[in-house]
Trainee: 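This is the structure I want to talk about, given as structure tokens.
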Amino acid sequence: METVIVKVGDAQVQVERGTTLGAIFASLGIEGAIGAKTGSELLDLHTPVKENMQVVPLFREDPESLELMRHTLSHVLAQALKEIYGYERVRLGTGPTTEEGFYYDVEVEGHTLSSEDLLLVEEKMREIVQRDFPIFRKELERQEAVELFSKMGEKYKVEIINRIEEGETISVYGQDGFVDLCRGPHVPSTGMVGEFKLTHVAGAYWMGDSSRPMLQRIYGIAFWDKKELEDRLRFYEEAKKRDHRRLGKELELFLIDEEVGPGLVIWLPKGAILRKTLEDYWKEKHIKRGYQLVYTPHVGNANLWRISGHLDYYRPNMFSPMELEQEEYFLKPMNCPFHVAIYKSKVRSYRELPIKLAELGTVYRYEMSGVLHGLMRVRGFTQDDAHIICTPEQVEQVIEETLLFAVEVLKDLGFEDFKVFISTKPADAIGSPEQWELAERALKRAVEHSGLDYQLDEGGGAFYGPKIDVKIRDAIGRLWQCSTIQFDFNLPERFDMQYVGPDNRRHRPYMVHRAIFGSIERFVGVLLEHYAGLLPLWLSPVQVKILAVSPDKHGQYARQVEAQLRDRGIRVELDLREDRLSARIRDAELQKVPYVVVVGDRELQTGSLSVRGKKEGNLGSMSLQDFTRLLLEKIDKKE
RNA sequence: GCCGGCGUAGCUCAGGGGCAGAGCGAGGCACUCGUAAUGCCUAGGCCGUGGGUUCAAAUCCCACCGCCGGCUCCA
């Protein structure tokens, strides 16, 4: 008899090879375990022990246990579907866990699942959970597995089996009359799962390949505690409330009009002033940082895009060409070639490098109709673009400075939490190994100096250079991709960019492409969701709303206050409607105006104002001077 | 682009083969009011667009457009 040694915490047992972890835990008197792990690998209690190993039992309290439970729920979902629609009519794709639950991709012959169906399915799932079927695990030879799933008509499973590499264990899991190809791990029985809810159903390509059939993906969320589940549902509600598309409409910021065209943003007056404020801030910052602002056309000759390589690599994302005097022109999908043209407009000396050209450049890209989304994904948007052209010696300094600049700007806008990703050389890269090495080193050093945590995405860079991406975390924890700092070894070659070095010879400069907001449209979307529409004072389209208790009696005083505040550069609106004061206050609140000024008899007599802050509540009375000072101070501090 | 759902008043939505509806908003009138909704009246519609079925279509069918949720895409 072959034996193996299994260490469980401090305990150690010698058991027959093939004994399951469940049996071992039982023999040690460990109760309530729902799985195990060895190193970072998760195991279930059905796992037969094949070699000496050290394991840790997993209990509900362990975060990894969620993974097992959710995985089991995806099987319970699959079983429920089979029970309802028939074992032979339901074919299973894959059913993995997600960050908050699970999904299963399925095909139900002759039926498309609706959200009403989900209620039924969920009910059946609860029944399966209720009945607490023990879950079994079985290892099969490849041939056996193929036969089993072929017999069941599970063509997708057969495809997966054929993809499994030689030598890997093929296992099936099941409960009751249900069996599924699965690597596991799973909890011991269908009753040992947490609270769950099916959320929605959507299409998903088999294997994520648009040329393959589309399956129906059923999403569910699952947590151990009901409270956590409810928190998650509340999070969805919160996200819905913060949806920038809804806020954009309510606050009259922007418009996307079918008649104008999908994915094309129209900025309404209030959105426009917000955008102007952001852009003015951006320009001022860039000038202080030594950037030179430029403007470039919205279209460019096809030849430009041919040289840049866009026509070879980016054409599917570009708007169709237009013809003028036998020449083709394209709407620009990027600003880079124009900035290169500026660089090349004269001979450059190493003495003038780094050259930093910045532009709020509006670009147009063809995005597939199904992916458009409010301000976040559009067909015309404004990049807060810049190109930095420098010598190899300057690269490191340039990157560090750029990253710090980006972080400084994002902090000014109220973001504190960042996640940085460095993407390195992919397989099909151009450029010399030395170039890549220098660039990647610069990126890493810069991030390390900044003190920000980063993740490496090995091989995740573009073919033309490595990059840093900065994602910002919003008020409810979501990450948004904004800043990017990206090397480009391609364009300097293609456009034959040069500078004259101290040796009086021509050299090829490094070029770095970077954006801080990414796109103004998208960034405004992120800002709105982050602040739930209650923008900081300095960005608010209307900073102060003035209400006269009686428009007749106090209207004139209100107008004087308005004129004086406006004179100090404060964005102010007057509401002289004949309505209840409280109704007008409510209106201002709903419009998320940071400060409401009320003037009535009392204020008229004393020459003061009654101030109400959206955040602070009623602030009582103060003089116009004090109020103005308060506002200007807050605006200056970007509060 | 693909799968599914949805397009009705400015907004949010009800109606679902037989007279086009509500609330909010807008306009008017009255109330003269002090920190989140005063009351009454009025106007407002190619029921997304085009075709079909039917005595009759907002309603049923088809196509297209757009939006929403995903997938795919995001050199």
Side-chain angles (χ1 to χ4, degrees), chain A residues 93 103 105 107 111-118 199-219 236 240 243 245-246 249-250 252 255-263 308-318 333-334 336 365-374 376-378 426 428-430 461-465 481 484 486 488 490-491 518-519 522 545 547-554 577-593 595-603 610-614 617-621:
Chain A
Y103 67 78
D105 285 350
E107 192 174 73
H111 184 72
T112 45
L113 294 160
S114 66
S115 35
E116 288 87 75
D117 290 333
L118 291 194
T199 53
H200 56 291
V201 56
Y205 294 114
W206 170 237
M207 290 291 176
D209 180 347
S210 57
S211 68
R212 306 297 308 271
M214 182 160 275
L215 308 183
Q216 304 184 64
R217 176 171 297 176
I218 301 167
Y219 284 92
Y236 284 134
K240 215 166 150 188
D243 191 321
R245 292 168 298 186
R246 170 204 179 106
K249 205 178 268 180
E250 283 173 7
E252 295 179 7
L255 182 69
I256 297 173
D257 184 347
E258 178 177 341
E259 282 185 4
V260 172
S308 69
H310 285 90
L311 287 186
D312 290 332
Y313 297 100
Y314 207 69
R315 180 92 183 237
N317 293 289
M318 291 167 72
M334 294 185 193
C336 348
R365 296 180 184 178
Y366 170 72
E367 298 282 0
M368 286 195 294
S369 56
V371 305
L372 300 174
H373 181 93
M376 303 295 187
R377 195 75 186 273
V378 291
D428 58 347
I430 62 153
F463 74 85
Y464 52 83
Q481 158 82 56
T484 184
Q486 188 146 8
D488 193 329
N490 190 35
L491 291 183
S519 108
R522 185 182 154 79
K545 196 139 188 172
L547 311 181
V549 172
S550 162
D552 273 353
K553 282 199 283 176
H554 318 117
R577 286 176 303 174
E578 294 281 346
D579 211 337
R580 295 288 178 279
L581 179 65
S582 58
R584 283 176 287 156
I585 285 176
R586 178 168 193 271
D587 203 55
E589 289 281 342
L590 291 175
Q591 286 297 304
K592 303 184 196 297
V593 175
Y595 289 97
V596 174
V597 165
V598 175
V599 292
D601 286 338
R602 286 204 295 270
E603 289 71 27
S610 172
V611 178
R612 178 190 162 102
K614 171 97 182 121
N618 199 336
L619 292 170
S621 83

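Atoms considered below: every heavy atom in the structure, side chains included; atoms not considered: hydrogens, waters and symmetry mates. As the structure is a computational prediction, the values presented were derived from the model and not from experiment. Chain letters run A, B, ... following the sequence lines, proteins first and then strands; every chain starts at 1.
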Trainee: What integer distance in Å separates A/Glu578:CD from B/C29:C1'?
Mentor: 11 Å
Trainee: What residues form a side-chain hydrogen bond (donor to acceptor under 3.5 Å, both in side chains) with A/Gln216, not counting sequence neighbours?
Mentor: none
Trainee: A/His111 NE2 to B/G4 P: how many Å, rounded?
Mentor: 12 Å
Trainee: Within the 4.0 Å heavy-atom criterion, would you say A/Lys240 contacts the bases, only the backbone, or no part of the nucleic acid?
Mentor: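 Nothing: the residue A/Lys240, judged by heavy atoms under 4.0 Å, touches no strand.
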Trainee: Would you mind classifying the nucleic acid contact of A/Arg602 as base, sugar-phosphate or nothing, using non-hydrogen atoms under 4.0 angstrom?
Mentor: base
Trainee: Look up atom CD in A/Glu250 and atom NZ in A/Lys592, then write down how far apart they are to the nearest 0.5 Å.
Mentor: 6.5 Å
Trainee: How far does the P atom of B/G34 sit from the matching atom of B/G70, given to the nearest Å?
Mentor: 48 Å
Trainee: Report all interatomic pairs (protein N or O, nucleotide N or O of nucleotides 9-16 of chain B) with separations under 3.5 Å.
Mentor:
from  : atom 1 : to       : atom 2 : distance (Å)
B/U12 : OP1    : A/Lys249 : NZ     : 3.2

Trainee: In whole Å, measure the gap between the P atoms of B/C74 and B/C60 for me.
Mentor: 39 Å
Trainee: Expressed in angstrom and rounded to an integer, what is the separation of A/Arg584 atom CZ from B/G25 atom P?
Mentor: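 From A/Arg584 CZ to B/G25 P: 14 Å.
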Trainee: At 4.0 Å (heavy atoms only), tell me whether A/Glu259 reaches a base, stays on the sugar-phosphate, or touches nothing.
Mentor: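 Here A/Glu259 touches no strand at all.
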Trainee: Could you tell me how far B/C13 sits from B/C6 if I compare only their C1' atoms? Round to whole Å.
Mentor: 13 Å
Trainee: Which nucleotides of nucleotides 66-75 of chain B have their base under 4.0 Å from a protein heavy atom (B), which only their sugar-phosphate (S), and which neither (-), written as one string 5' to 3'?
Mentor: SSSBBBBBSB
Trainee: Does a distance-only test, which skips hydrogens and angles, find a donor-acceptor pair under 3.5 Å between the side chain of A/Arg612 and the base of B/A36?
Mentor: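 Such a pair exists between side chain and base.
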Trainee: Using whole Å, what does the distance between atom P of nucleotide B/G5 and atom CD of A/Gln216 come to?
Mentor: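 Checked: the CD to P distance equals 10 Å.
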Trainee: Assign each of A/Val596 and A/Ser550 to its nearest nucleotide of RNA chain B by heavy atoms, then name whichever residue's nucleotide is nearer the 5' end.
Mentor: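 Nearest nucleotide further toward 5': that of A/Ser550.
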Trainee: Work out how far the P atom of B/A9 is from that of B/C47, and round it to whole angstrom.
Mentor: 9 Å
Trainee: Do A/His373 and A/Arg245 have side chains that approach each other closer than 4.5 Å (heavy atoms only, starting at C-beta)?
Mentor: yes
Trainee: Check the distance between B/G4's C1' and A/Leu215's CG and give it to me in whole angstrom.
Mentor: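 Taking atom C1' of B/G4 as the reference, CG of A/Leu215 is at 13 Å.
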Trainee: Expressed in angstrom and rounded to an integer, what is the separation of A/Asp579 atom CG from B/C29 atom P?
Mentor: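 Those two atoms, CG and P, are 14 Å apart.
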Trainee: Between B/A26 and A/Arg577, is there an OP1 or OP2 to side-chain N/O distance shorter than 4.0 Å?
Mentor: yes
